[in-house]
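Taking it in order: structure first as C-alpha cells, then the write-up.
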2 protein chains.
Amino acid sequence: MAISEAEAVVMDVLWREAPRSAEEILAEVGPAQDWQEGTVKSLLNRLLRKKAVHAERDGRRYLYTPLLTREQYVQQESKGLLDRLFGGRVAPLVAHFSEQRKLSKKDIAELRKLLQELDDEQH
Amino acid sequence: MAISEAEAVVMDVLWREAPRSAEEILAEVGPAQDWQEGTVKSLLNRLLRKKAVHAERDGRRYLYTPLLTREQYVQQESKGLLDRLFGGRVAPLVAHFSEQRKLSKKDIAELRKLLQELDDEQH
DNA sequence: CGCAATCATTTACGCGTGTAAACATCGATT
DNA sequence: AATCGATGTTTACACGCGTAAATGATTGCG
C-alpha cells in the first residue's frame, strides 16, 4: 500500500538522518506540523505495517530506520503523476511548466546543462 | 477540496468533450473502469458539490460541463508534487528522470527544442 | 389515470487517513 | 513493594473515497 502524505513527512525526517527515536522525530517535525506525540507514534506504526521503516530496540525505546528509500518514493510518486497527466513523458510536463512561466532562470540554465551532459555521455 | 482520482477520470471525459449526460460519460468510461451507472452519478454529484462541474437540465436528464479546466487541474497536481518532492523547482525533477534513464530520445529532442524556443523569445 | 421506464438523489459500507486519547508496560525512585 | 515517568500499543472517531444499492421523482404509454 502507498504511504500517505503525513507518513511521508515522517519519512522525510528519517531520510535526512537515521536511525532516530520517536521523540527525535517529533522534535524535528512537531513545530512545523503541530503534532502530538501520539500522532507521530501512530504514523510510525503505520509505516512499520507497510514495511516502510524498520524499528530496533534501544533500551526503553525504539530507533527507526527507513526501508523505503527516498529515491523509490520519489520515483513512485512522480511516475504516477507523469503517467496520469502527461502520458508518461517528461517533455510535455516541462512544456506545461514552461507555458505557465514556471521555469526560473536557474531551471533553464540547469536544464541546458543537463542536456549538454546527456550529449557528452552520448559516446 | 481537491478532486480525487476517480473523479478525475470523469473530468477527463468532460475535458475531451462537453456537455455530456451521465449516460454518455458512463458509456465512455464504463468499459475501461467497469463502473456501474450509480458510481458515475455519485462521482458527478461529488464534483457538483466541489463546484468542479456544472449541470444544466436537458429534458429529463442533465448535461454536465466542466468548470475546473484541465489546465487548472494539471497545474494544481503538478505544482503539489513539485513542491513536495523537488523544492518547487523543475530542473531537479527532470534531473531525477534523467538519472532514472526515463528520458526518451523524443523527450530529449523536445526539451532541446523547448529551450531553443525560450532562447528565441528572449528578446 | 395508473404504471413502468428512466433519471436523479440519498443512503450505505468498508477502507485509509489525520489526529489523538486511552491504556499498557517497564525501569527508576521513594 | 508501590508509584511515577517515559515509551510504546490499542482504540477511537470524523471524514473522504470507491463503489454501489435503495429510494424518489418524472414522464411517456397503455
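Reminder, nothing fancy here: chain letters follow the sequence lines and each chain counts from 1. Since we're looking at a predicted model, the values are computed, not measured.
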Cut-off 3.5 Å, no hydrogens considered: what does the side-chain donor-acceptor table look like for residues 45-53 of chain A, sequence neighbours left out?
from, atom 1, to, atom 2, distance (Å)
N45(A), ND2, K41(A), O, 3.3
K50(A), NZ, A2(A), O, 3.0
K50(A), NZ, E7(A), OE1, 2.8
K50(A), NZ, E7(A), OE2, 3.1

For residues 82-95 of chain A, which side-chain donor-acceptor pairs fall under 3.5 Å, sequence neighbours excluded?
from, atom 1, to, atom 2, distance (Å)
D83(A), OD2, K79(A), NZ, 2.5
R84(A), NH1, Y73(B), OH, 3.3
R84(A), NH2, E77(B), OE1, 3.4
R89(A), NH2, D107(B), OD1, 3.3
R89(A), NH2, E110(B), OE2, 3.0

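Side-chain N or O atoms of E28(A) include none that pairs as donor or acceptor with a backbone N or O of I25(A) at under 3.5 Å. Judged by distance alone, the side chain of S78(B) and the main-chain N or O of V74(B) form a donor-acceptor pair under 3.5 Å.
Using a 4.0 Å cut-off between charged side-chain N and carboxylate O, K113(B) and D119(B) make no salt bridge.
For the contact set between residues 18-28 of chain B and DNA chain C, defined by any heavy atom under 4.0 Å, the members are A22(B). Looking at residues 50-63 of chain A, you'll see R60(A), R61(A), Y62(A) sit with a heavy atom under 4.0 Å from some atom of DNA chain D. Within residues 31-47 of chain A, the residues approaching DNA chain D are K41(A), N45(A), R46(A), by heavy-atom distance under 4.0 Å.
The side chain to side chain contact (heavy atoms under 4.5 Å, CB included) test applied to L67(A) returns H54(A), not counting sequence neighbours. The side-chain hydrogen bond (donor to acceptor under 3.5 Å, both in side chains) test applied to R101(A) returns no partner, not counting sequence neighbours. Applying the side-chain hydrogen bond (donor to acceptor under 3.5 Å, both in side chains) rule to Q116(A) yields the partners D120(A); only residues at least two apart in sequence or on another chain are considered. Every side chain to side chain contact (heavy atoms under 4.5 Å, CB included) that S98(A) has, sequence neighbours left out, goes to L103(A), L114(B), L118(B). Scanning for salt bridge (Lys or Arg N to Asp or Glu O under 4.0 Å) contacts around D34(A) gives an empty result, with sequence neighbours left out.
One can place CD of E5(A) at 11 Å from C1' of dT17(C), the figure rounded to the nearest angstrom. In this structure, the CG atom of L48(A) is 11 Å from the P atom of dG8(D), given to the nearest Å. Counting to the nearest Å, the C1' atom of dA8(C) and the CZ atom of R49(B) are 14 Å from each other.
Remark: R20(B) is not positioned above the aromatic ring of Y64(B), lacking an NZ or CZ atom under 6.0 angstrom from the ring centre and at most 45 degrees off the axis.
Between the two ends of the helix from dC1(C)-dG30(D) to dT30(C)-dA1(D), each summarised by a five-pair axis, the helix axis turns through 50° (rounded to 10 degrees).
With a 6.0 Å radius and a threshold of 12 heavy atoms from other residues, nucleotides or ligands, E23(B) has its CD atom at or below the threshold.
Each salt bridge (Lys or Arg N to Asp or Glu O under 4.0 Å) pair with one or both residues in residues 62-73 of chain A, not counting sequence neighbours, appears once here: D12(A)-R70(A).
A8(B) comes within contact range of no nucleotide atom at all, as no heavy-atom separation falls under 4.0 Å.
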